[in-house]
Structure formats: C-alpha cells, structure tokens
Amino acid sequence: GGAALHLVPFETARGYCRVLALDFLAITTVYSGHVHEYCRPTSFLLLLSVALSVLLAINLVSATIQNRDLQYHGHDRRLRVSCGIVQTLLLAFVEAGMIADAPIAALVVVGKICAFLYFYLGGRLDAARRWTFMTVPGLWEVHDNFHVLVLSVHCLQV
C-alpha cells in the first residue's frame, strides 16, 4: 500500500483513497504485529492494540464502501489519528520495556512521539502550517523526513 501510495500517480480521488486505506491497514497491522512480538499473547496491551487495529479496519472498509474521502472526512480522520496516537504510545512503551539501557529506552519513546507529532503538525495535507524545513517540493517532503526520523529511532533500538 505505502509504495503504491507514494509512487503511483492516481487519476481519481477514489483510487487514491482506496490505496490510502490499504496503507493505513498495513500500518496498523505492523503496529499490532510488533506489539505481539514483545508481549505475551494474553497481554492487555496486545489485546488493546489488536482491538484498535480491528476498529480502524472496520472504519476503513466502511469508508471505502461508502466512498468517503479518507483524507478530509472528519470522523474518519479523528478515529485514525486517535488510533495512531494510542498505538504509537503502546508500541513505544512496549519496546522501551525491552531495552535494558534506560536513557536509550527514553529516547525511543520520545523519538516515536516526536516523529508522530512532526508529521501530524507539519506534514498533513490540511496542517495549519505546512513545514518546509529540509524539504525539496515534489522530491523530498515532510513525509520523507518523517521516515528518516522513524529510521533513526529504529537504529536506537538496535
């Protein structure tokens, strides 16, 4: 979903929204998969993560069937952002609990939260203020910087 979303030029908003839904499904599945790898199968955190993924999946399927614009429809966005925030925090704290070095664990939590906020506040299509620092319009955007931030957090974990 993500590669198609960023590399394929879509001629219709409907086609773009369908691939966007697949991208969000992939992201939420990866979040729950990572939480699963770090938690026992009966863990409350895992059950919460899976419940959020299922809730988001139901919403995305419903939005796709009803041809709602996932980028701008308020209810869909609020739900997706809420799930994203909670899943980011869940994963950050679960992963931090697996890191023996406390300062590195704290950096992982802060890094994940900062990366999410960076994209949410300055990278969304409807952000109050689109950030342009370290971007090249049409070539390297805020979304690309977001992935570099997340990569640096992953490197800390290794």
Side-chain angles (χ1 to χ4, degrees), residues 1-39 41-97 108-135 137-138 140-151 153-154:
L5 180 65
H6 300 296
L7 299 176
V8 175
F10 288 91
E11 295 180 13
T12 67
R14 187 175 182 184
Y16 180 81
C17 283
R18 286 183 174 169
V19 174
L20 187 62
L22 290 174
D23 189 44
F24 292 139
L25 283 172
I27 292 166
T28 193
T29 301
V30 167
Y31 271 112
S32 289
H34 283 180
V35 172
H36 175 267
E37 287 302 311
Y38 293 115
C39 292
T42 57
S43 164
F44 171 75
L45 297 177
L46 175 58
L47 296 175
L48 179 58
S49 184
V50 170
L52 290 169
S53 291
V54 169
L55 176 65
L56 187 57
I58 290 168
N59 174 258
L60 292 169
V61 168
S62 168
T64 302
I65 290 170
Q66 296 176 8
N67 292 320
R68 293 193 308 262
D69 188 333
L70 290 175
Q71 297 178 91
Y72 298 107
H73 188 263
H75 170 73
D76 295 321
R77 291 197 62 165
R78 283 188 297 277
L79 178 65
R80 189 174 64 246
V81 169
S82 298
C83 286
I85 290 169
V86 174
Q87 283 192 309
T88 297
L89 291 171
L90 277 173
L91 184 58
F93 287 109
V94 166
E95 289 175 337
V108 166
V109 172
V110 170
K112 283 189 184 261
I113 294 168
C114 287
F116 185 91
L117 288 174
Y118 171 77
F119 184 76
Y120 182 76
L121 296 174
R124 295 175 298 135
L125 293 175
D126 63 344
R129 183 174 205 152
R130 295 284 306 223
W131 295 343
T132 57
F133 178 70
M134 294 185 65
T135 64
W140 189 269
E141 303 285 346
V142 171
H143 189 239
D144 303 299
N145 287 335
F146 165 76
H147 284 285
V148 171
L149 287 170
V150 172
L151 175 64
V153 172
H154 288 314

Taking C-beta and beyond as the side chain, do C17 and D69 meet within less than 4.5 Å on heavy atoms? yes
Give me the atom names and distance for the closest heavy-atom approach of V109 to A92. CG2-O, 3.6 Å
Please assess Y38 against L46 for the test side chain to side chain contact (heavy atoms under 4.5 Å, CB included), listing each intermediate value before the final yes or no. CA-CA 9 Å; Y38 293 115; L46 175 58; over 6 Å; no
Roughly how far apart are H36 NE2 and L47 CG, rounded to 0.5 Å? 10.5 Å
Examine distances only and state if a side-chain atom of T28 and a backbone atom of F24 form a donor-acceptor pair shorter than 3.5 Å. no
Can you name the residues that form a side chain to side chain contact (heavy atoms under 4.5 Å, CB included) with V150, not counting sequence neighbours? A115, F146, H154
Supply the atom-to-atom distance N59 CG to L79 CG, rounded to the nearest 0.5 angstrom. 4.5 Å
If we ignore hydrogens and angles and just use 3.5 Å, is the side chain of R68 paired with the main-chain N or O of H75 as donor and acceptor? no
Backbone N/O of I58 and side chain of S62: donor-acceptor pair under 3.5 Å: no
Value rounded to 0.5 Å, distance of OG in S53 from CG in L48: 9.5 Å
Report, as yes or no, whether the 6.0 Å neighbourhood of atom CD on E11 holds more than 12 heavy atoms from other residues, nucleotides or ligands. no
Between L121 and W131, does the side chain to side chain contact (heavy atoms under 4.5 Å, CB included) criterion hold? Intermediate values first, please. CA-CA 9 Å; L121 296 174; W131 295 343; 3.8 Å; yes
A side-chain contact here means heavy atoms from C-beta on lying under 4.5 Å apart; do N145 and F119 qualify? no
Within the structure provided, determine whether L90 and V86 are in side-chain contact (heavy-atom separation under 4.5 Å). yes
Please report the interatomic distance CG(L60) to CG(L20), rounded to the nearest 0.5 Å. 8.0 Å
Considering all heavy atoms of both residues, which atom of H34 and which atom of L91 are nearest to each other, and what is their separation? CB-CD1, 3.5 Å
Could you tell me if the side chain of V35 sits less than 4.5 Å from the side chain of Q87, heavy atoms only? no
Determine whether V94 and C39 make a side-chain contact, defined as any pair of heavy atoms from C-beta on separated by less than 4.5 Å. yes
Rounding to 0.5 Å, atoms CG (D76) and CG (L56) come to a distance of 9.5 Å
Is a side-chain N or O of S49 found less than 3.5 angstrom from the main chain of L45, in a donor-acceptor match? no
Short question: side chain of T132, backbone of T135 - any donor-acceptor pair under 3.5 Å? no
What pair of heavy atoms forms the shortest contact from G122 to V142, and how long is it? O-CG2, 3.7 Å
